[in-house]
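Since the structure comes first, as structure tokens, the remarks are kept for the end.
Just the heavy atoms: all of them, side chains too, but no hydrogens, waters or symmetry mates, feed the values below.
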Amino acid sequence: VQLQASGGGLVQAGGSLRLSCVASARTFTNYAMGWFRQAPGKEREFVAAINWSGIYTRYADSVKGRFIISRDNVKNTIYLQMNILKPEDTAVYYCAAMSRANGGLGEHSDSRYEWDYWGQGTQVTVSS
């Protein structure tokens, strides 16, 4: 599976951005999908995840209520709508795909070690 993320950029605090990630998977619905981020000098951290149907989602506490993850199974694409952005949201954002749970979100879906495929990342910079 190849993942291509896009949509990053420079935005002022309080603004919004929408990230997209297109997957090359033959059967996109076999995969749960997620977003992680990594700031300079920090470990890669979980942001959000969505199951194969889009019905179930999961968010990090730091983005809950501000970010929305969604997917379009016709376009093989997931999205991350980021609102009320803060300087601490500045990071490289990576999309990821998980195949081991038949598209579901397991208990440890917030761990990067559960995810099988990664995109190249897109930079998000939030200025204060």
Side-chain angles (χ1 to χ4, degrees):
V1 176
Q2 292 186 324
L3 305 174
Q4 182 72 40
S6 62
L10 174 64
V11 64
Q12 288 189 330
S16 298
L17 277 177
R18 189 176 82 154
L19 305 183
S20 300
C21 176
V22 180
S24 67
R26 180 171 296 182
T27 308
F28 186 54
T29 51
N30 282 351
Y31 300 89
M33 300 295 295
W35 290 97
F36 286 72
R37 66 186 181 187
Q38 188 166 16
K42 295 188 176 182
E43 292 192 353
R44 192 169 298 188
E45 66 174 6
F46 172 75
V47 175
I50 189 166
N51 80 320
W52 70 273
S53 68
I55 291 177
Y56 297 106
T57 58
R58 185 176 184 179
Y59 295 93
D61 288 344
S62 59
V63 307
K64 205 171 290 184
R66 299 189 297 123
F67 290 12
I68 301 171
I69 188 171
S70 61
R71 66 189 293 162
D72 184 333
N73 287 339
V74 174
K75 296 181 178 179
N76 278 23
T77 302
I78 65 167
Y79 305 96
L80 186 68
Q81 178 65 43
M82 305 186 294
N83 301 319
I84 318 174
L85 282 161
K86 305 175 181 180
E88 51 263 43
D89 294 318
T90 295
V92 176
Y93 282 71
Y94 297 90
C95 61
M98 183 196 299
S99 63
R100 64 194 67 188
N102 294 321
L105 293 178
E107 179 182 358
H108 302 294
S109 57
D110 59 342
S111 168
R112 66 182 188 268
Y113 302 108
E114 293 291 299
W115 296 82
D116 304 299
Y117 304 96
W118 295 87
Q120 87 290 358
T122 185
Q123 176 71 48
V124 172
T125 303
V126 184
S127 62
S128 57

For residues 10-33, which side-chain donor-acceptor pairs fall under 3.5 Å, sequence neighbours excluded?
residue, atom, partner, partner atom, Å
Ser16, OG, Asn83, OD1, 3.0
Ser24, OG, Gln2, N, 2.7
Ser24, OG, Gln2, O, 3.4

Residue pairs passing the disulfide bond (SG atoms under 2.5 Å apart) test with at least one member in residues 46-94, sequence neighbours excluded, are none

- Query: Taking side chain as C-beta onward, heavy atoms only, is Tyr59 less than 4.5 Å from Ile69?
  - Reply: yes

For Tyr113, the hydrophobic cluster (side chain heavy atoms closer than 4.5 Å, chained through members) also holds none

Side chain to side chain contact (heavy atoms under 4.5 Å, CB included) filter on Asn102, not counting sequence neighbours, yields none

When rounded to the nearest 0.5 Å, the distance separating OG1 of Thr57 from NZ of Lys64 is 9.5 Å

Between Ala97 and Leu3 the two heavy atoms that sit nearest each other are N-CD1, 3.8 Å

Using a 3.5 Å cut-off and no angle test, enumerate the donor-acceptor pairs between side-chain atoms of residues 121-128 and protein atoms at least two apart in sequence or in another chain.
residue, atom, partner, partner atom, Å
Thr122, OG1, Gly8, N, 3.1
Gln123, NE2, Ala91, O, 3.4
Gln123, NE2, Thr125, OG1, 3.3

Between the CH2 atom in Trp118 and the SG atom in Cys95, the distance rounded to the nearest 0.5 Å is 9.0 Å

Could you tell me whether the side chain of Asp72 and the main chain of Asn76 form a donor-acceptor pair under 3.5 Å? no

Donor-acceptor check, side chain of Trp35 to backbone of Ile78, threshold 3.5 angstrom: yes or no? no

Quiz prompt | Donor-acceptor contact present, side-chain Asn73 to main-chain Ser53, <3.5 Å | solution = no

Taking every heavy atom of Arg37 against every heavy atom of Ser62, the minimum-distance pair comes out as NH2-OG, 3.5 Å

**Item:** Under 3.5 Å: donor-acceptor pair, side chain of Ser111, backbone of His108
**Value:** no

Decide whether Val47 and Val92 are clustered together by the hydrophobic rule: side chain heavy atoms of Ile, Leu, Val, Met, Phe, Trp, Tyr closer than 4.5 Å, transitively. no

Between Asp89 and Lys86, does any side-chain N to carboxylate O distance fall below 4.0 Å?
no

Exercise for review: Step by step, work out the side chain to side chain contact (heavy atoms under 4.5 Å, CB included) result for Phe67 and Leu85.
Suggested key: CA-CA 9 Å; Phe67 290 12; Leu85 282 161; 3.8 Å; yes

Original post:
Are any of the side-chain nitrogens in Arg112 or Glu45 under 4.0 Å away from the carboxylate oxygens of its partner?
Top reply: no

_Both conditions, 6.0 Å and 45 degrees, for the charged tip of Arg44 above the ring of Tyr94: are they met here?_
yes

Those residues at least two apart in sequence (or on a different chain) that pass side chain to side chain contact (heavy atoms under 4.5 Å, CB included) with Lys42 are Ala39

Side-chain donor-acceptor pair under 3.5 Å between Arg58 and Ser109, yes or no? yes

Same apolar cluster (I L V M F W Y, side chains within < 4.5 Å links), Trp115/Tyr117: no

task: Is it possible for you to say whether Tyr93 and Phe46 belong to one hydrophobic cluster, with membership spreading through side-chain heavy-atom contacts below 4.5 Å?
output: no

message = Please say yes or no: joined through hydrophobic side-chain contacts below 4.5 Å, possibly via intermediate residues, are Val63 and Met82 part of one cluster?
response = yes

Smallest heavy-atom separation, Ile50 atom then Ser70 atom, equals CD1-CA, 3.6 Å

Exercise for the section: Spell out, as yes or no, whether a donor-acceptor pair under 3.5 Å connects the side chain of Asp116 to the backbone of Met98. Expected result: no

